[in-house]
Amino acid sequence: MSYDPPLSGVRILDLSTGPMTAVARLFADLGAEVTVLRLRGVTGEEPVGPHIDSIDVQTAINRHGMATADLDPATAAGHDQFTALLADADILIENTRPGSPAEATLAVRDIRAAHPALVILSISDFGRDNEYCGWQATGPVLHALSSELSRSGIPGREPLIPPADLPYQVAAAQAAVMTLSLFLDRLRTGEGDLIDFSVLDGAMQTLDPPFGTAGSASAGVALSAQQRNWDAERQRYPIIACKDGHVRICILSKRQWHGMFALMGSPEEFADPSYDKLGKRFHSPHLLEAIESFCADKTRAELERAGQAHGVPTAAVLTLSEALNADHFTARGFFRDVELAPGVPAPVPVGVSEIDGHRASAPDTPATGSDRLGTAPVLSTRQRRGQGLPLEGIRVLDLGVIVVGADTGRLFGDLGADVVKIEHSAHPDGLRVGRLTSMTQPFAAGHRNKRSIGIDLRSAEGRDLAHRLVQQCDVVLSNFKPGVAEALGMDHATLREINPGIVVVDSSAFGPTGPWAERLGYGPLVRAAVGFTNLWVYPGESETFCDTVTVYPDHVAARIGTLAALALLLRRERTGTGGAASISQAEVMLSHLAADIAAEALQRAGHTRTEPRMPDAPWGLYPSAGEDQWVTVTVRDEADLHALADVIGFTAGDGRSIDAAVRAWTAQRSRTEAMELLQAAGVPAGAVLHAEEIPGWGYYEQRRAFREELHPYGAAPFMMENVQIHCDHVADPPLGQAPLLGEQTAEIAAELLGLDSEQIAELHARGVLETPEVEAAARP
């Protein structure tokens with residue numbers, strides 16, 4: 001079957017520079033026609049490395065295969081050309097600095113008025129609608145102000161900046177999802193919009209959100225309420241030394257513990273049934289010691305094979321080089337050589353989505369000539385609920401579990417879709433901990449704005465009911481291990497026979513094909529297997545693995561899946577038929593390391609790495625007044641260096657290095673005072689905020705980033721994310737509370753399946769349908 005890129009015919013004009021050019025890369029890989037426009041007086045140069053010879057590697061990757069144009073809007077001809085390009089575009093991307101002459105020259109509000117059908121993505125570090133709009137960011141600053149940095153590193157030591165430029169990479173995925181959702185809606189309304197997108201918001205929501213969905217090992221405790229405990233963190237996703245390196249083992253469920261117990265030879269010391277409980281295992285140092293002893297004389301490969309055979313999720317902690325040379329990624333064809341400059345090829349990922357079994361990747365030459373998509377014949381017939389949300393009228397069947405599954409469906413629900421979650425008590429979502437009639441903050445955060453129907457998909461009748469729901473849905477989401485969806489009759493090949501317009505998106509740890517496809521996988525195992533864990537260590541200390549707490553890449557993988565679904569819905573407006581997308585979490589992560597991978601390959605080929613940043617310029621973490629208080633200070637260029645010297649009163653020749661002077665200066669001030677003084681001078685700096693501090697910081701208050709909600713089955717009010725899109729025509733997310741398992745079974749069975757009360761009762765009696773029995777005493 002020939003491949004039809006889902007965004008074929010979508011025309012994008014990209015004026016952005018710097019790391020957020022990653023947004024257009026995501027669109028181009030899905031088939032959009034992207035024109036990179038260098039507009040005199042508006043777009044500057046912000047090359048993104050690593051820098052090899054004369055090649056800015058990340059910029060070259062982000063811009064590969066795109067058309068380029070140079071215009072001077074101050075001339076009559078340039079003005080007319082720019083006007084014509086805007087009239088022909090569907091989406092405009094720009095990231096002029098707030099308050100700058102470039103922002104004034106571009107005047108996006110005027111563009112919005114002149115081209116009301118245009119969807120404009122206006123990117124800035126801190127947004128344009130608040131007192132912090134003039135502040136400037138770098139990767140470490142974004143890590144600090146999103147609270148991620150407070151969870152990275154060994155307690156009692158300096159926080160550890162994670163590898164790669166993750167804040168920008170994940171924010172790009174969030175920006176792409178929000179932009180495409182508005183464009184999909186524009187096709188049926190004719191009205192565009194202007195998105196005020198903050199990179200900090202995107203990083204906070206998409207990397208490791210402090211009030212988002214937490215992993216299974218959180219045991220239902222909100223990330224913001226977790227206390228740093230190094231021993232407990234080592235128990236969550238332990239990394240164990242073995243004969244030839246390290247392995248990471250996840251023992252979260254009772255079933256997984258029984259597998260580990262059998263693998264170890266059923267030691268009597270741990271035979272007590274109390275070890276079935278996660279908490280008991282977490283607080284048993286002797287158990288970890290026993291596992292370490294068991295692993296010590298075995299190789300990584302032996303432990304991987306034995307763990308997988310016993311149902312114990314296990315992965316070798318590989319170096320990046322080992323991961324790239326693994327048979328799995330070779331078999332999946334994830335990398336191909338791309339000329340980053342004439343005659344200079346390097347290995348680059350071939351897109352992060354598989355669409356209809358094909359890699360979604362832009363061609364080497366710009367895509368042109370496709371018919372422009374102008375209407376929405378499918379969605380224009382759908383009734384809206386008047387909520388002011390772009391995905392109203394779309395229905396999603398959500399089979400997703402844990403973090404990726406939760407977030408993908410939740411994004412649809414927050415943007416107005418009717419999301420119906422299928423689940424059953426025989427195999428509850430791993431985020432449901434404790435009683436099924438109670439609610440935790442992580443589950444509430446990941447499953448708000450959804451309805452739940454309890455269906456036993458193991459039965460033929462249950463599958464038939466699910467198929468009847470598919471007939472009335474637009475999207476089906478799942479993140480099962482490969483093969484499970486087929487066994488349940490919920491794979492795309494089955495569902496497209498039932499509903500030819502259905503869009504099916506599946507996410508898995510390592511993708512649907514390849515030697516590792518059947519592996520049990522959690523985010524920490526994926527990080528270990530692709531070399532990320534091995535990179536997340538203190539410099540020169542190879543075994544200080546510090547990626548234990550974070551949930552990456554789950555949240556960003558959910559955005560990539562949502563983006564693919566929206567792209568396929570757009571293609572359905574053009575073709576009338578649906579499609580399938582598969583997302584590999586491992587490949588999403590490797591795509592974030594793409595520039596480093598290409599740079600290392602170029603260096604091995606004899607090219608020279610040249611970093612433009614001044615080698616002695618302050619860059620990193622500095623202690624501030626108080627216990628375990630830190631502030632990031634990042635000097636990018638000479639202007640930053642002079643501004644920093646003025647603020648701290650440093651003069652060359654006083655006998656100290658400027659780094660030592662900064663350290664002494666920050667130590668005498670609170671982290672917020674140091675941050676504010678430096679930002680006022682134009683130096684990117686950020687206080688290392690803790691999760692519980694985030695909602696009360698002025699920036700997030702002004703951006704309406706959080707809201708507190710009472711849940712009838714929650715023990716206390718839950719802090720939740722609030723605004724997802726800052727623009728004129730989109731309302732805040734609805735207030736639909738996360739459901740108990742099967743809480744709306746009867747309602748959905750009557751509304752969508754057309755069953756009467758007797759039929760519903762009879763299906764309940766036979767266990768095909770399920771509804772929780774909630775006693776008054778069950779309410780907290």
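Not measured: the values here are computed from a predicted model. The first residue in the sequence is number 1, and the count goes up from there. Quick note: numbers below take in every heavy atom, side chains included, and nothing from hydrogens, waters or symmetry partners.
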* Thr634 side chain to Pro684 backbone, donor-acceptor under 3.5 Å -> yes

* Judged by atom type as modelled, is there a donor-acceptor pair below 3.5 Å linking the side chain of Ser353 to the main-chain atoms of Ile355? -> no

* **Shortest non-hydrogen contact between Arg128 and Arg703, atoms and distance** => N-NH1, 4.3 Å

* **Rounded distance (nearest 0.5 Å) linking atom CG of Asp196 with atom OG of Ser124** => 5.5 Å

* Asked: Applying side chain to side chain donor-acceptor pair (under 3.5 Å), which residue pairs with at least one partner in residues 553-564 are found, sequence neighbours left out?
  -> Gln174-Arg559, Asp407-His555, Asp407-Arg559

* To do: Step by step, work out the side-chain contact (heavy atoms from CB on, under 4.5 Å) result for Ser150 and Val688.
  => CA-CA 6 Å; Ser150 70; Val688 176; 3.9 Å; yes

* Kindly indicate, with the supporting measurements, whether the criterion side-chain contact (heavy atoms from CB on, under 4.5 Å) is fulfilled by Val317 and Phe545. => CA-CA 10 Å; Val317 178; Phe545 305 113; 4.1 Å; yes

* Decide if atom CZ of Arg336 counts as having more than 12 heavy atoms of other residues, nucleotides or ligands within a radius under 6.0 Å. => yes

* Compare all side-chain heavy atoms of Ile61 with those of Leu340 and state whether any distance is below 4.5 angstrom. => yes

* Asked: Does some side-chain heavy atom of Glu354 sit less than 4.5 Å from a side-chain heavy atom of Arg332?
  -> yes

* Working to the nearest 0.5 Å, report the span between CG of Leu566 and OG of Ser181. => 6.5 Å

* To do: Indicate the atoms forming the closest heavy-atom contact of Ser146 with Leu200, along with that distance.
  => N-CD1, 4.1 Å

* Asked: Does any N or O in the side chain of Asp356 come within less than 3.5 Å of the main-chain N or O of His358, such that one atom is a donor and the other an acceptor?
  -> no

* **Residue pair Glu33 / Met66, side-chain heavy-atom distance below 4.5 Å** => no

* Asked: Looking at side-chain heavy atoms only, is the closest gap between Ile111 and Phe82 below 4.5 Å?
  -> yes

* Do side-chain atoms of Thr206 reach the backbone of Ala203 as a donor and acceptor pair under 3.5 angstrom? -> no

* To do: May I ask you to check whether Asn62 and Thr21 show a side-chain donor-acceptor distance below 3.5 Å?
  => yes

* Report the residue from Tyr699, Phe197, Tyr700, Trp697 that forms a ring pair (Phe, Tyr, Trp, His ring centres under 6.0 Å) with Phe126. => Tyr699

* Asked: Hey, does Leu7 have a side-chain heavy atom less than 4.5 Å from the side chain of Leu570?
  -> yes

* Asked: Hey, are Trp619 and Thr138 close enough side-chain-wise for a donor-acceptor pair under 3.5 Å?
  -> no

* First locate atom CG of Leu85, then atom CG of Leu71, and finally report the distance between them rounded to the nearest 0.5 Å. => 6.0 Å

* Is Gln585 reaching over with its side chain to a backbone N or O of Pro553, donor-acceptor style, under 3.5 angstrom? -> no

* Asked: So, the side chain of Thr544 versus the backbone of Tyr538: is there a donor-acceptor pair under 3.5 Å, distance only?
  -> yes

* Quick one: which of Leu92, Ile195, Asp193, Leu13 gives a side chain to side chain contact (heavy atoms under 4.5 Å, CB included) with Ile120? -> Leu92

* Check whether any side-chain heavy atom of Ile12 sits under 4.5 Å from a side-chain heavy atom of Ile93, and report yes or no. => yes

* Is a side-chain donor or acceptor of Arg38 paired with a backbone partner of Ala69 at a separation under 3.5 angstrom? -> no

* To do: State whether the side chain of Arg248 and the backbone N or O of Ala316 hold a donor-acceptor pair below 3.5 Å, judged by distance alone.
  => no

* To the nearest 0.5 angstrom, please state how far the OH atom of Tyr132 sits from the CD atom of Gln679. => 10.5 Å

* Heavy-atom pair of closest approach, residues Pro159 and Leu149 -> CB-O, 3.5 Å

* Roughly how far, to the nearest 0.5 Å, is the CG atom of Asp56 from the CD atom of Glu46? -> 11.0 Å

* In chain order, what residues pass the side-chain hydrogen bond (donor to acceptor under 3.5 Å, both in side chains) check against Trp630, with sequence neighbours excluded? -> Asp628

* Check against side-chain hydrogen bond (donor to acceptor under 3.5 Å, both in side chains), Asp506 and Ser582 -> CA-CA 5 Å; Asp506 67 81; Ser582 293; 2.9 Å; yes

* Asked: Under the 3.5 angstrom rule, does the side chain of Thr550 hit a backbone N or O of Asp547 as a donor-acceptor pair?
  -> no

* To do: Applying side-chain contact (heavy atoms from CB on, under 4.5 Å), run through Phe27 and Thr179 and close with a yes or a no.
  => CA-CA 10 Å; Phe27 288 143; Thr179 304; 4.1 Å; yes

Please table the atom pairs, donor to acceptor, closer than 3.5 Å between any side-chain atom in residues 588-607 and protein atoms at least two apart or in another chain.
| from | atom 1 | to | atom 2 | distance (Å) |
| --- | --- | --- | --- | --- |
| Ser591 | OG | Val588 | O | 2.5 |
| His592 | ND1 | Tyr552 | OH | 2.8 |
| His607 | ND1 | Asp53 | OD2 | 2.7 |

* Glu103 and Gly99: which non-hydrogen atoms are nearest, and at how many Å? -> OE1-N, 2.7 Å

* Structure fact -> Interatomic distance, CZ@Arg609 vs NE2@His51, rounded to 0.5 Å, equals 8.5 Å

* **Backbone of Asp208 reached by a side-chain donor or acceptor of Arg151 within 3.5 Å** => yes

* To do: Taking atom CG of Asp364 as the centre, report whether more than 12 heavy atoms of other residues, nucleotides or ligands fall under 6.0 Å from it.
  => yes

* Asked: Could you go step by step and tell me if Leu207 and His143 meet the side-chain contact (heavy atoms from CB on, under 4.5 Å) rule?
  -> CA-CA 9 Å; Leu207 179 54; His143 274 302; 3.5 Å; yes

* Indicate yes or no: at least one non-hydrogen side-chain atom of Leu37 is less than 4.5 angstrom from one of Asp14. => no

* Structure fact -> In terms of heavy-atom contacts, Ala643 and Val683 come closest through CB-CG2, 3.8 Å

* What's the shortest heavy-atom distance between Thr319 and Asn534, and which atoms? -> CG2-ND2, 3.7 Å

* Worked check of salt bridge (charged side-chain N to carboxylate O under 4.0 Å, His left out) between Glu587 and Arg359 -> CA-CA 12 Å; Glu587 291 169 2; Arg359 284 286 178 185; 2.8 Å; yes

* Could you tell me how the ring of Trp516 sits relative to the ring of Phe329: parallel (under 30°), tilted (30 to 60°) or perpendicular (over 60°)? => perpendicular

* Asked: Do Ile123 and Thr96 come within less than 4.5 Å of each other through their side chains, counting heavy atoms only?
  -> no

